[in-house]
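Structure record follows, encoded as structure tokens.
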Amino acid sequence: MNYKSKAKELVSQMTLEEKASLCSGKDFWNLKGIERLGLKPVMVTDGPHGLRKQAASSDHLGLNDSVPATCFPAASATACSFDRDLLKEMGKAMGEECIAEEVATILGPGANIKRSPLCGRNFEYFSEDPYLTGEMAAALIEGIQSKNVGTSLKHFAVNNQEASRMTVDSVVDERAFREIYLTGFEIAVKKAKPWTVMCSYNKINGTYASDNSYLLTDILRKEWGFDGLVVSDWGAVNDRVEGVKAGMDLEMPATGTDNDEAVVAAVKNGLLKEELLDQNAIRVTELILRTQDNKPVPYRPEDHDELARKVAENSAVLLKNENDILPLTKKQKIAVIGTMAKDPRYQGSGSSKIHPTSLDNAFEALKAAGADIQYAPGYPSDSRQVDQGLIDEACRLAASSDVAVIFSGLPDEYESEGFDRTSLDIPDSHNQLIHAVVKANKNTIVVLQCGSPINMPWKDEVKGILLMYLAGQAGGRATANLLLGEVNPSGKLPESYPYTLEDNPSAMYFPGNPKSVQYRESIFVGYRYYDTAKKEVVYPFGYGLSYTTFEYSNMKLEELGPMSWKVSIDVKNTGSMAGAEIVQLYIHCKKSAILRAEKELKGFQKLFLEPGEQKTAEFILEHRSFAYYNPKASDWCVEGGKYEIMAAASSADIRLSQELMIEGDGKEQLLVEDYKELPQYRTLSKPFRVDTSQFEKLLGHNIPTYPNGRPYTASSPMEDIKDTFIGKIMVKQLQKGMQDLAGQDGFDPSMLRMMQAMLMEAPIRSLKMFSQGAFNNNKVEGVVAMANRKFFKGIRYMLKK
Ligand code: BGC
């Protein structure tokens, strides 16, 4: 069926009221249908690494339970696989589960850039690099959508922190916006055509993403050719009429009828063109039509569990392997230490939290594999306090074993949606345990379970480090197989591991203040900064070891046509074990008149090789591979000159390189004068900082200022009004609601901090979402008026319907 034309035909039969109503949710997860036109309501649910379908009580914070579904490794892990086929396979399995549960669209993947290692939600995102991000997101989307289930590429855009995410203004220059923060979305949109894109909560250079026609129409639709639907993040709608104008098609979740009525009134008053609403309604109708005839296909949960194991195995990164301490043998006496061996951290907290179909652990998996293991907890599972008794017990066990394997990482409450981390540290109870065990047995290995980079003060003391990230429900078996050499680690880091937090280029500016965050480091994000500033890191982007070795040879560059080259490199497995190598292709502009990062990733390929086997990695380089975004030309431009093309095993391990002369378009001249005034962006200080004047020069305007205090608006966060009379009442009520929830059976305490943060950061208008429409616009305006000391006006609003 041609859904678009069918949708157009149906929309032509809708009344104005029906169209407006169709463009907002029915409840938390369902869209509205229109019975008389045969349009059945369809369901959308989270994502992104499995299905979180809530059958009973609903929320968007991961508080209430959901139906069992396969919990695959989180994006921070799957990105390490650099394996498009694997992500596609995982997507297909997720698609099957969606169909079985009658879910039309899954809310993911997330394609936000890891600007800072502290972002609380980094575990849901792929990388600090936009190309890797886009490729991984596209592969997952292709897999899911191949089963005729939609995806929602999120959170569009420049949402790189949790702090104040619902209202903060992300102040970013156009080059960084395009080259770093949008490119991943662009690749995924162009390659995989997601059915939907989810706009983020925050503002971008002063305009809410949900009201932003530059973002949602000019860039997304006109430039990239997106013809799907834009849905709001849950509660992200700022001004519904502006949203319709901007191309924000669907408001989620339900917030009552006020916004629909405002849209109808705006059309009637001539303030909004009905054609624009028609466009929205057509896109919503199309989405509904697409899955109406889906029939559940039976699948075996065991098969998906096995796939989850395979994904976890291919995503693990071997960070250290001194004297080939790994793999272990079954003859060795192994001390398994740390409660995470039995009670793993396998996914993050918040809206992506999945109820797994089963859950294994490394301790049981090692035992089942026949390893000779003994166990000591090492640290208390429910407290972060150092317990000397447990450490001593672990040391005794380690001393009487051949090797000690310590399971460590970030506990649940350390990283979550809703708030950011404040340091890179893992609990002191883990660090002290590791320092002590190493003294008892120098053959110590650490297995890490965490969603983002951490400090490893013991890294030089231990002999092996295996990073599992958040490995999903079958991560235990994957860990055992990797430790025992049944599987050869092949993952590489999708992000840099800095020595200290201060080394990160955004450190001085992250997360800004509650009103705004300045992206002063511009394009120098992650390895683009470390490499250019020559700042050493613990582990570079793209790094990862293997139990075997690989040799690169025979690099060839072949011109295919104007601005098109084929690059090929032979890679041979020179060790004695089968393994996989991720070959990375970087470019370096040898002499640039503008700002350029030392190197940029432009291709990668994962090759699976038997011992002695050789294969050829092939890449295509084209115009965009060499391009930078030129704000003065409003276009992607290429600077002419010599480029170095590098085949690498990591961003710091270049194996082969060749030079290429590129003919440019000369448009960098438009920037040269301006860039002369940006010396700090050329020197890139360590730690990184840039004066206000230089950032403003780069931005092309002054950094906006934000009024504090009154007058408050519906978009003011609860935090702002908490000391006003009405604010105190509201906060008290909300806190009471939260306490009631926390008192319920089965409440997950790791959610408490997220709820607290969100409560204070949510704008006043989100009372409509939290109350599912019981609180309407009049009540919101009532609160706003009272907070502005307009008590009578406030009461009049409150008394209105
Ligand atoms: C999150 C989204 C999620 C939505 C629905 C929001 O708070 O930011 O990622 O899809 O809730 O749960």
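All ligand and atom numbering here is 1-based and tracks the order in the structure.
Note on ligand 1: Glu417 sits in its first shell, one or more heavy atoms being nearer than 4.0 Å.
In the candidate list Leu107, Asp46, Asp233, Asp46 is nearest to atom 10 (O) of ligand 1, counting heavy atoms. The heavy atom nearest to atom 9 (O) of ligand 1, out of those in Gln54, Arg121, Met198, Met769, is found in Arg121.
Within the listing of ligand 1, atoms 2 (C), 8 (O), 9 (O) sit less than 4.0 angstrom from a heavy atom of His155. Within ligand 1, the atoms closer than 4.0 Å to a non-hydrogen atom of Lys154 are 2 (C), 3 (C), 9 (O), 10 (O), numbered from 1 in the order shown. Atoms of ligand 1 lying under 4.0 Å from any heavy atom of Ser351, numbered from 1 in the order shown and given with element: 1 (C), 3 (C), 9 (O), 12 (O).
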CA sep, side-chain torsions, deciding dist, call: Thr70, Gln473, side-chain hydrogen bond (donor to acceptor under 3.5 Å, both in side chains):
CA-CA 7 Å; Thr70 310; Gln473 67 178 48; 4.8 Å; no
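Of the heavy atoms in Trp29, only side-chain atoms (C-beta onward) come closer than 4.0 Å to ligand 1. When heavy-atom distances to ligand 1 are checked against a 4.0 Å cut-off, Arg165 comes that close only through its side chain, counted from C-beta outward. Of all the heavy atoms of Glu124, none lies under 4.0 Å from any atom of ligand 1, so neither backbone nor side chain is involved. With a heavy-atom cut-off of 4.0 Å, Glu162 does not touch ligand 1 at all.
Results of the salt bridge (charged side-chain N to carboxylate O under 4.0 Å, His left out) test with Asp46 over Lys353, Lys154, Lys53 single out Lys154 as the only residue that passes.
Below 30°, between 30° and 60°, or above 60°: for Tyr181 and Tyr519 the angle between ring planes is above 60°, a perpendicular geometry.
Closest non-hydrogen pair, Pro48 versus Gly108, comes out as CB-CA, 3.9 Å.
Using a 4.0 Å cut-off between charged nitrogen and carboxylate oxygen, Arg115 and Glu521 count as a salt-bridge pair.
In this structure, Ser232 OG and Tyr208 OH are separated by 13.5 Å, a value rounded to the nearest 0.5 Å.
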